[in-house]
Number of protein chains: 4
Amino acid sequence: MSPTKQKLLSTASKTFSKYGFYKTSMDEIAKSARKAKGSLYYHFNSKELLFREVVLSELTFLKEELTLIFENHDADSREIIRAYMIKRMEVMNISINYQETLRPEFYEFYEFLNDVILEMDQWEKQQITEILNRGVVKEELDLPGNIEVYAEMLLIFLKGLETPLFLKGQYERLISNFDNLIGILTKGISKV
Amino acid sequence: MSPTKQKLLSTASKTFSKYGFYKTSMDEIAKSARKAKGSLYYHFNSKELLFREVVLSELTFLKEELTLIFENHDADSREIIRAYMIKRMEVMNISINYQETLRPEFYEFYEFLNDVILEMDQWEKQQITEILNRGVVKEELDLPGNIEVYAEMLLIFLKGLETPLFLKGQYERLISNFDNLIGILTKGISKV
Amino acid sequence: MSPTKQKLLSTASKTFSKYGFYKTSMDEIAKSARKAKGSLYYHFNSKELLFREVVLSELTFLKEELTLIFENHDADSREIIRAYMIKRMEVMNISINYQETLRPEFYEFYEFLNDVILEMDQWEKQQITEILNRGVVKEELDLPGNIEVYAEMLLIFLKGLETPLFLKGQYERLISNFDNLIGILTKGISKV
Amino acid sequence: MSPTKQKLLSTASKTFSKYGFYKTSMDEIAKSARKAKGSLYYHFNSKELLFREVVLSELTFLKEELTLIFENHDADSREIIRAYMIKRMEVMNISINYQETLRPEFYEFYEFLNDVILEMDQWEKQQITEILNRGVVKEELDLPGNIEVYAEMLLIFLKGLETPLFLKGQYERLISNFDNLIGILTKGISKV
DNA sequence: GATGAATGAGTTTTCATTCAT
DNA sequence: TATGAATGAAAACTCATTCAT
């Protein structure tokens, strides 16, 4: 990737995450990057496609980080879940643009993003399902019924941690009590 | 409230919840309501203040509904928590505009909304803290340490249910397995 | 005149003189007067006609004040001119709306004002011509050629004192040196 | 300066001088120039800044013209004053936008113009003070007291010639008698 | 007389996109 | 590749005026 494209992409990422998709203008991105607006369109065709690339790069990073956790096959599944949750929160705290894609208006108007997000959602669900399965097999967890549903529930719960109220300003205060919450959850799914 | 104002407010609520704050134009609201754009500004001074009133009316409704749950003092606290969570999800499913206020750009730009939202957050935290307290006193719950922290955690979890991914389209599918999730949580905080 | 009309007129005068015709809205006048906007239209049909009445009341006051000066037939004509100039400046300092009517855009668009202003201009020219005539007859002034032209020139000069730069803020400082200027002028037209 | 910018600026100047700042819309300027409204904003950010540039260009021209007069050091100071006054009137007759800046509302609302105008005022005062000083030294003029005050008074007088009543339509008629007026003034300040 | 809700045409401004260089 | 001038559609907002009560 050319230095100009690189610069534009990283500037776009920062600006989008600060003001959101709609409140960010192409002009502002170009100015912040000290590049011409035309260059933005040369490298990324449209605002939407630029945003898509920004989100993609965030998700790529998120996947990489989470994969490191999942690969640790030997650890107690409860411990893996715990590590996964903490890592996810950490990365999410800086994956603000991905979060924005969860807004309703993105669903109404931009099919060009659904594929990226759905793929990520499915990937995550798959990974967690696998861990839960391992935990059940190793008799560390007690999950009657469909395990996929538990995975979905965990994801829903984790998405709660993405809310700005939490991420903005309160992150530091709450992270310290995070173990408590995880304790409740793991106790809730543990074999007695 | 005059019929015109009423009509404008309800139309605004619907339109905002469909397209989000930024993708909704004042023109569109006025046209949908078959009223003049000037009337919008006569009754609500600005787009932001109009949105504020929309959110306020949603929160007012949410509070009323939740208050009914909280007032049932005799029930088992786990049962109240369960009823609370379900009711909250139901109402949230139609309080789409309030959800939008949780977006980062609203935090950056609009102080005019923070007061409303913070007040709601505090109110909810207070209510849940009280229920948890009651549960501990009645020896139904096991919550070592600061109870307020558990209340906050529960709220964070509930906010997870507000994510559009869940609310849009998947609500019906997931609500049926919701009891499972609540089961995990209540098991997690129950006295053995 | 009813108290409501009176109140609206005086408020309109103040507001127009502060912000000018275009920057003043009917809404602002009504609000400042703590009256309904409809009342403005009940008493004065349109913004233009309201402004006309404001200007008229200023000119009426100006005429009354200047007439007092002109009627002193016995004094030295140079003294009358001096007194006239000072009084005119004093009154003009508070006749800001009349001044605005001298702007080009008022000439282009509002015939409804020309009559009022032309009448005032002619009245003033007439008065000054008469004084100059008296001065020439009493051999106090030396004005070769057409006396009306001198009257017009004096008026042009006096209009110079109407410029905001002078009226705004510098009025107090310059008024103290005003006698100097009048000295030059009267020396310029005096018989040696 | 690009041809488009040039065209927009000159069109803006003409339109503003015809209808005044408030009665001129950006739309009208763009249409008259047969350019897109967006181009107006590309080159001049806002209506106020566009107007500022229009005024600036007028004042630049005024300064250039007057400087030519001032530089004639050998002539009789009374003759220079006379030439200065006539030239100023001529240029002012086409510097209609600068005149508008003297309106009260411009002082209340737009600090963005004060610097330009104050600078011009001070420049003019300085030039005239210098001429008067030369005249006193050469014993052509009789100016007891502070000479700066005379300079200010002359400027006030000259501003009187800026009034639209004079400039609009009556310019031609009055200019022919202008010498008379200047005669009064120069006689008033001449050494006998 | 007095009110204030309702209107709609008009205003300034923003901004994604195109294109000649 | 990279630029920045130019565009025009659309946005938020203003405001004189009307009118039923």
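Naming convention: chains lettered A, B, ... in sequence-line order (proteins, then strands); numbering from 1 in each chain. Values in this document were obtained by computation on a predicted structure and should not be read as measured data.
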Legend entry - Stems involving DNA chain E, each a run of at least 3 consecutive Watson-Crick or G-U pairs under 3.5 Å: E:2-21 with F:2-21

Could you tell me the separation between the [atom1] atom of [X] and the [atom2] atom of [N], rounded to a whole number of Å?
| X | N | atom1 | atom2 | value |
| --- | --- | --- | --- | --- |
| D/K31 | E/dT12 | NZ | C1' | 14 Å |
| B/I29 | F/dA11 | CD1 | C1' | 12 Å |
| B/M1 | E/dG4 | CE | C1' | 17 Å |
| A/Y42 | F/dG4 | OH | P | 16 Å |
| C/F44 | E/dG1 | CZ | C1' | 13 Å |
| D/L40 | E/dT11 | CG | P | 14 Å |

Inset, instruction - Answer yes or no for C/K5 and C/F44: cation-pi contact, defined as NZ/CZ to six-membered ring centre under 6.0 Å and angle to ring axis within 45°. - result: yes

Inset, instruction - Mark yes or no: B/K47 above the aromatic ring of B/F21, with NZ or CZ under 6.0 Å from the six-membered ring centre and no more than 45 degrees from the axis. - result: yes

Inset, instruction - Could you note down all residue pairs passing salt bridge (Lys or Arg N to Asp or Glu O under 4.0 Å) where residues 30-46 of chain B supplies at least one of them, sequence neighbours left out? - result: B/D27-B/K31, B/D27-B/K37

Legend entry - OP1 or OP2 of E/dG4 under 4.0 Å from side-chain N/O of B/H43: no

Inset, instruction - Would you please confirm or rule out a distance under 4.0 Å between OP1 or OP2 of E/dA6 and any side-chain N or O of B/S2? - result: yes

Inset, instruction - Start with the C-alpha gap between C/I29 and C/S32, add the side-chain angles, then the distance that decides, and say whether side chain to side chain contact (heavy atoms under 4.5 Å, CB included) holds. - result: CA-CA 5 Å; C/I29 295 169; C/S32 293; 5.9 Å; no

Inset, instruction - In sequence, state the C-alpha distance, the side-chain angles, and the governing distance for D/L50 and D/N45, and then conclude on side chain to side chain contact (heavy atoms under 4.5 Å, CB included). - result: CA-CA 7 Å; D/L50 169 58; D/N45 293 310; over 6 Å; no

Compile the donor-acceptor pairs under 3.5 Å between side chains in residues 51-61 of chain D and protein atoms, sequence neighbours left out, one pair per line.
| from | atom 1 | to | atom 2 | distance (Å) |
| --- | --- | --- | --- | --- |
| D/R52 | NE | D/F112 | O | 2.7 |
| D/R52 | NH2 | D/D115 | OD1 | 3.1 |
| D/R52 | NH2 | D/D115 | OD2 | 2.4 |
| D/S57 | OG | D/V54 | O | 2.8 |
| D/E58 | OE1 | D/N97 | N | 3.4 |
| D/E58 | OE1 | D/Y98 | N | 2.8 |
| D/E58 | OE2 | D/N97 | N | 3.3 |
| D/E58 | OE2 | D/N97 | ND2 | 3.0 |
| D/T60 | OG1 | D/L56 | O | 2.7 |

Legend entry - Where D/T4 and D/S39 come nearest, the two heavy atoms and their spacing: CG2-CB, 4.4 Å

Legend entry - DNA chain E: 5'-proximal contact among B/K5 and C/R34 (nearest heavy atom): C/R34

Legend entry - Residue closer to the 5' end of DNA chain E, C/P3 versus B/K35 (nearest nucleotide): C/P3

Legend entry - E/dG1 to F/dT21 separation - P atoms, rounded to the nearest Å: 22 Å

Inset, instruction - Would you please name every residue forming a salt bridge (Lys or Arg N to Asp or Glu O under 4.0 Å) with B/E119, sequence neighbours left out? - result: B/K63

Legend entry - Summary of protein contacts for nucleotides 13-21 of chain F, nucleotide by nucleotide, where a base hit scores B, a sugar-phosphate-only hit scores S (4.0 Å, heavy atoms): BB-BBB---

Inset, instruction - Would you please name every residue forming a side-chain contact (heavy atoms from CB on, under 4.5 Å) with A/S10, sequence neighbours left out? - result: A/K14

